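Note sheet for the following structure.
What you are looking at is a predicted structure, and each value in this text was computed from that prediction instead of being measured.
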Amino acid sequence: MQRRRPALARILSALAGLAFGLLGAEMTFGQLRPEEPRSDAVLYSIEVRNGAGDLLASPMLIGEEGRPVHLSLSQDVGRHREPLAMSLDLDPSPDGDNLCVGYRLSIDDGFAHSGRMGVTYGELQSVELRGGGENLRLSLVVARAYTRDFGRILQRHRRPSA
């Protein structure tokens with residue numbers, strides 16, 4: 001019986017050490033368990049065109065449903081054109097099965113176009129942006145991860161290897 005008590009004491013000590021270790025880690029590093037489940041990934045396929053219909057940029061962004069996304073893009077458009085600097089902020093909020101997306105777009109540190117648009121998952125939505133001496137068209141398609149629309153958008157933007 002004397003051997004049993006030391007074994008039981010060791011087991012209880014190990015369990016107490018584990019409990020205090022978890023408590024200490026949680027107090028030191030923050031909460032170890034997420035409070036809310038993470039939402040699904042969302043793909044944003046964006047096109048920005050000028051008033052003449054020329055494509056200025058067509059980036060794709062991956063974000064999380066209901067969380068704001070920011071893009072800073074700087075690229076050389078072509079040999080005979082000037083470089084493009086673009087800043088885009090998207091602020092999506094759920095609206096039933098759709099999204100209401102707030103946007104703020106500025107090209108070359110110019111006039112900042114902003115507003116909101118309703119977007120249905122998988123469908124193209126466009127808005128004309130006028131102001132600051134420039135006319136732009138912002139087009140947006142949004143798709144949830146692991147859906148047909150998500151795969152379709154990725155296939156459309158896939159470039160053949162040279």
Search all heavy atoms of [X] against all heavy atoms of [Y] and return the closest pair with its distance.
{"X": "L124", "Y": "S139", "value": "CD1-CB, 3.7 Å"}
{"X": "P59", "Y": "L71", "value": "CG-CD2, 3.6 Å"}
{"X": "D91", "Y": "P68", "value": "OD1-CG, 3.8 Å"}

Less than 4.5 Å apart, side chain to side chain, heavy atoms only: is that true for [X] and [Y]?
{"X": "M60", "Y": "L43", "value": "yes"}
{"X": "V48", "Y": "M86", "value": "yes"}
{"X": "L105", "Y": "L136", "value": "yes"}
{"X": "L88", "Y": "I46", "value": "yes"}
{"X": "E65", "Y": "R144", "value": "yes"}
{"X": "R137", "Y": "N50", "value": "no"}

Interatomic spacing from [atom1] in [X] to [atom2] in [Y] - rounded to 0.5 Å:
{"X": "E134", "Y": "H113", "atom1": "CD", "atom2": "NE2", "answer": "3.5 Å"}
{"X": "L140", "Y": "Y44", "atom1": "CG", "atom2": "OH", "answer": "8.0 Å"}
{"X": "L18", "Y": "S13", "atom1": "CG", "atom2": "OG", "answer": "12.5 Å"}
{"X": "L138", "Y": "Q125", "atom1": "CG", "atom2": "CD", "answer": "10.0 Å"}

Donor-acceptor contact below 3.5 Å, side chain D95 vs main chain N98: no
Main chain of H70, side chain of D89: is a donor-acceptor contact present, judged purely on distance under 3.5 Å? no
Hey, is R49 close enough to E47 for a salt bridge, meaning N to O under 4.0 Å? yes
If you group Ile, Leu, Val, Met, Phe, Trp and Tyr by side-chain heavy-atom gaps below 4.5 Å, do V127 and F111 land in one group? no
Test: R116 cationic atom under 6.0 Å from Y103 six-membered ring centre, within 45° of axis: no
